Peer 1: 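Handing you this structure, nothing more for now.
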Protein chains: 2
Amino acid sequence: MPETGNQKLVKKINKSIVLRMIRNHAPISRAAISQKAGLNRGTVSSLVSELLDDKLISESGMGESRGGRKPVILLFNHRAGYSIGIDLGVNYMLGILTDLKGQIVEKQKISFHQLSLEAIIDKMKDMIRNLSAAAPDSPNGIVGIGVGVPGIVDHDGNVLLAPNLGWNNVPLKEILEREFSLPILIENEANAGAYGVKLYGTEEIRENLIYISAGIGVGAGLILNDSLYRGTKGYSGEIGHMVIDVDGKQCRCGRKGCWELYASEQAILEEARSLGLETSKSQPITLEQLVEHAENGDSKVISLFEHAGKYLAEGILNLVNTFNPEQVIIGNRLVMARKWLEPVITERLQAQTMGFNQEDIHVTYSQLSTHASPMGMAAFITQRFLENGLEQTVTN
Amino acid sequence: MPETGNQKLVKKINKSIVLRMIRNHAPISRAAISQKAGLNRGTVSSLVSELLDDKLISESGMGESRGGRKPVILLFNHRAGYSIGIDLGVNYMLGILTDLKGQIVEKQKISFHQLSLEAIIDKMKDMIRNLSAAAPDSPNGIVGIGVGVPGIVDHDGNVLLAPNLGWNNVPLKEILEREFSLPILIENEANAGAYGVKLYGTEEIRENLIYISAGIGVGAGLILNDSLYRGTKGYSGEIGHMVIDVDGKQCRCGRKGCWELYASEQAILEEARSLGLETSKSQPITLEQLVEHAENGDSKVISLFEHAGKYLAEGILNLVNTFNPEQVIIGNRLVMARKWLEPVITERLQAQTMGFNQEDIHVTYSQLSTHASPMGMAAFITQRFLENGLEQTVTN
DNA sequence: TAAACTTTGTTCATTAAATAGACAAACAAA
DNA sequence: TTTGTTTGTCTATTTAATGAACAAAGTTTA
């Protein structure tokens with residue numbers, strides 16, 4: 001059954017417009033909102049007064065006048081509640097607490113190796129409790145928890161598959177809901193990252209963007225027509241298994257020449273291993289160490305990065321031809337090696353000389369670096385809270 | 001400025017719901033609409049009476065009763081207007097006239113070779129005039145014209161690039177608007193096809209589908225979240241230039257190993273040529289002739305098709321991993337060779353054994369075959385007419 | 001300094017459209 | 001014939017936006 005039109009819907013739409021106006025353009029007066037949004041002054045007045053009751057906004061003295069009564073300044077009350085975003089990696093967990101504006105208030109990170117499902121869940125619960133405790137007093141408290149996961153998540157918050165974690169059908173949302181009686185949101189980590197850079201990236205906001213999460217594997221988050229595209233069952237963005245070399249290396253997915261066999265952290269580390277690059281204690285080498293070697297001018301390592309960059313570029317070009325996005329953002333751990341990846345990528349992008357697309361494509365590297373994913377999750381939660389809040393206000 | 005909520009919007013939404021209900025579920029009564037849509041009986045009554053005034057629907061006697069007053073049957077008046085859809089190919093032009101239900105009333109096709117821009121436009125105008133003349137009398141007459149073009153179309157109906165036609169920056173919409181004072185819509189041919197199969201394909205409707213237009217080149221139309229994705233500048237779906245073999249053949253786009261070098265009509269014809277397959281008059285061979293040869297058991301030709309099928313499948317798998325759609329539909333001219341393509345494609349799709357996706361993917365071959373594109377264009381026009389019509393009704 | 005004009009924000013009567021409920025008409029089953 | 005059901009219309013009510021009036025609080029001009 002489709003949502004029918006009625007007065008409630010009208011009010012929800014308008015209240016949402018007013019709130020968005022204040023969020024994006026504060027400090028702003030009632031009169032200015034009325035003008036910008038095309039809403040009647042009376043309508044704005046009454047909606048603003050409701051938002052004040054909800055504690056979502058606040059008044060803040062008088063503004064400047066240009067020949068008339070001074071306007072009352074309205075501000076978004078970004079401390080009306082706090083949101084928790086967690087990025088679960090393969091061997092780390094990063095959690096942040098943000099206010100409603102997305103500003104980070106508290107941050108925690110832990111590392112681990114090969115932990116069991118139960119152990120990871122326990123650590124996650126601990127982290128959530130710690131972050132909750134760090135939240136200042138506020139009218140709404142913690143408004144929800146969002147978790148980004150390196151795997152396939154369905155629409156009900158079940159982690160169907162996270163190969164690098166060894167997870168299979170984990171009802172993560174349910175588990176957390178049982179522990180914390182708060183709204184919970186589980187998303188694929190690349191989707192979370194895409195949302196994060198869309199909202200908080202320094203670049204101007206664009207309608208269509210691709211966030212490439214180049215970490216252990218390669219994933220992509222797609223913002224299309226201004227909203228996150230999740231695919232039918234959440235499988236979208238399994239782009240690491242796009243074939244770019246039909247007769248290439250065998251992948252465990254059954255095909256040959258998958259992208260992530262050439263352009264991921266794992267691919268680089270394996271190459272490094274086959275070159276005999278190890279730490280003194282014959283432990284597997286890490287990306288951090290490789291970056292250090294490259295900094296010291298190790299040409300073997302540098303060409304390793306350049307090789308990966310070339311393949312990264314090929315995949316990006318494929319995506320650009322498919323989506324014609326305004327922006328491509330490369331994020332996650334490989335950004336560490338940006339210095340050596342970027343020249344190769346830029347060069348390959350020029351290779352497609354057919355004229356279309358390339359001139360308007362902005363390829364950037366995430367400023368948020370490893371924070372894109374948790375910030376995106378926190379933003380999801382915030383967004384949902386603000387939207388739902390608008391419906392519930394009781395009119396007197 | 002965002003669209004604000006007000007009574008007009010509410011009415012537009014509800015009227016659109018009622019009309020859609022009648023379009024999709026006719027014959028249907030007012031009472032049934034009220035129930036299904038969750039709208040009040042009075043609301044439905046009044047909106048239905050407006051739609052009757054608009055001539056968009058009609059009453060048609062009494063239905064069966066199950067122990068009460070007999071319901072009045074409502075029907076969609078699919079002859080309230082007619083829509084023109086044109087598919088401009090590289091060496092043919094196909095035009096159809098449909099009623100508002102999408103049923104084909106008149107059809108015209110012409111072939112040509114290497115015509116100038118002006119000559120093509122003239123032929124198009126002729127075709128439009130002929131189709132218009134063939135439309136029966138109706139309250140609204142011709143409600144608009146839609147043209148599908150094998151190239152890149154921007155949001156203003158300019159054909160930016162159509163390499164196979166030799167077109168460059170042709171303001172097609174403007175040209176047609178000047179000639180016919182009717183709503184005009186120009187779209188990429190694959191986008192049009194995607195819309196066509198979404199609406200009129202025999203399969204049940206799905207939210208996310210990919211329409212692969214395998215013709216001279218390879219294009220794709222993407223229906224995501226139930227609506228057509230056009231990309232930032234209309235460049236989307238230039239998927240023929242997705243690289244599937246990084247060290248493969250050189251493409252004129254500047255990259256190597258592009259998909260359409262292996263899986264298009266052009267690719268097949270070129271292979272055929274290099275095998276020495278020509279017609280008696282040493283003219284270039286056509287796809288139709290190749291299909292005939294294959295029918296006669298020519299193993300060389302059959303393996304040609306199978307080779308193309310293999311590469312078609314690789315590209316499709318890439319798209320499936322990227323989009324996780326519910327359905328993939330293969331359309332346009334290569335469907336002629338379905339008999340030899342299908343087994344190879346089906347087999348390759350099994351190859352990805354990682355478990356995700358494959359079980360729920362429905363790969364089908366367009367029933368509309370070469371009609372998908374013009375039918376999609378006509379449907380676009382119809383859709384737009386029906387949506388806009390709802391706003392304009394004057395209330396008494 | 002007073003008068004004139006501007007801008008802001010609130011209030012109130014009006015209007016549009018959905019809704020609940022009443023009601024008559026039309027029908028089937030008991 | 002009676003009873004109960006379904007349909008479609010009509011009316012009073014409710015919700016929320018709108019236009020206009022207005023007071024308050026400014027700035028600019030004479």
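Since the structure is predicted, the reported quantities are computational estimates derived from the model, not experimental observations. Labels below follow one simple rule: chain letters A, B, ... track the order of the sequence lines, proteins then strands, and each chain is numbered from 1.
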Peer 1: Between A:K70 and A:E64, does any side-chain N to carboxylate O distance fall below 4.0 Å?
Peer 2: no

Peer 1: Calculate the interatomic distance between A:K11 atom NZ and C:dA17 atom C1'; express it in whole Å.
Peer 2: 17 Å

Peer 1: Output yes when at least one side-chain N/O atom of B:N6 is less than 4.0 Å from OP1 or OP2 of D:dA17, else no.
Peer 2: no

Peer 1: When you check the gap from the basic side-chain N to the acidic O, do B:R230 and B:E187 get nearer than 4.0 Å?
Peer 2: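 Counted as a salt bridge, because a side-chain N and a carboxylate O are separated by less than 4.0 Å.
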
Peer 1: So which one's nearest nucleotide on DNA chain C is more toward 5', A:R30 or B:L47?
Peer 2: A:R30

Peer 1: Look only at the side chain of B:N77 and the backbone of B:K55, and say whether a donor-acceptor pair between them is shorter than 3.5 Å.
Peer 2: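 Yes, because the side chain of B:N77 sits within donor-acceptor range (under 3.5 Å) of the backbone of B:K55.
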
Peer 1: Enumerate the residues from residues 61-74 of chain B whose closest heavy atom to DNA chain C is under 4.0 Å, giving them by residue number; use none for an empty result.
Peer 2: B:S65, B:G67, B:G68, B:R69, B:K70

Peer 1: To the nearest angstrom, how far is B:L39 atom CG from C:dG21 atom P?
Peer 2: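 Roughly 17 Å, once rounded to whole Å.
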
Peer 1: If only side-chain N and O atoms of B:N40 are considered, is one of them under 4.0 Å from the OP1 or OP2 phosphate oxygen of C:dA20?
Peer 2: yes

Peer 1: For B:Y82, what residues pass the ring pair (Phe, Tyr, Trp, His ring centres under 6.0 Å) criterion, not counting sequence neighbours?
Peer 2: none

Peer 1: Roughly, in whole Å, what's the span from CD in A:Q35 to P in C:dG9?
Peer 2: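 Roughly 12 Å, once rounded to whole Å.
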
Peer 1: On DNA chain C, compare the nucleotides closest to B:R41 and B:S46; which residue's is nearer the 5' end?
Peer 2: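 It is B:S46, whose closest nucleotide lies nearer the 5' terminus.
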
Peer 1: Below 4.0 angstrom, N of the basic side chain to O of the carboxylate: do A:K8 and A:E3 qualify?
Peer 2: no

Peer 1: Between B:I13 (CD1) and C:dT19 (P), how many Å, whole number?
Peer 2: 12 Å

Peer 1: In this structure, how many angstroms lie between the C1' atom of C:dT10 and the CG atom of A:L52, rounded?
Peer 2: 14 Å

Peer 1: Round to a whole Å and report the spacing from CG of B:L9 to C1' of D:dT18.
Peer 2: 15 Å

Peer 1: Of all the nucleotides listed (C:dT19, D:dA17, C:dG9), which has the minimum atom distance to the side chain of A:A31?
Peer 2: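 Side chain of A:A31 sits closest to C:dG9.
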
Peer 1: Less than 4.0 angstrom from a charged side-chain N to a carboxylate O is my criterion; do B:D54 and B:K15 meet it?
Peer 2: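 Counted as a salt bridge, because a side-chain N and a carboxylate O are separated by less than 4.0 Å.
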
Peer 1: Could you give the CD-to-C1' distance, from B:E59 to D:dG8, as a whole number of Å?
Peer 2: 10 Å

Peer 1: Relative to each other, are the rings of A:Y229 and B:F323 parallel, tilted or perpendicular (30° and 60° limits)?
Peer 2: perpendicular

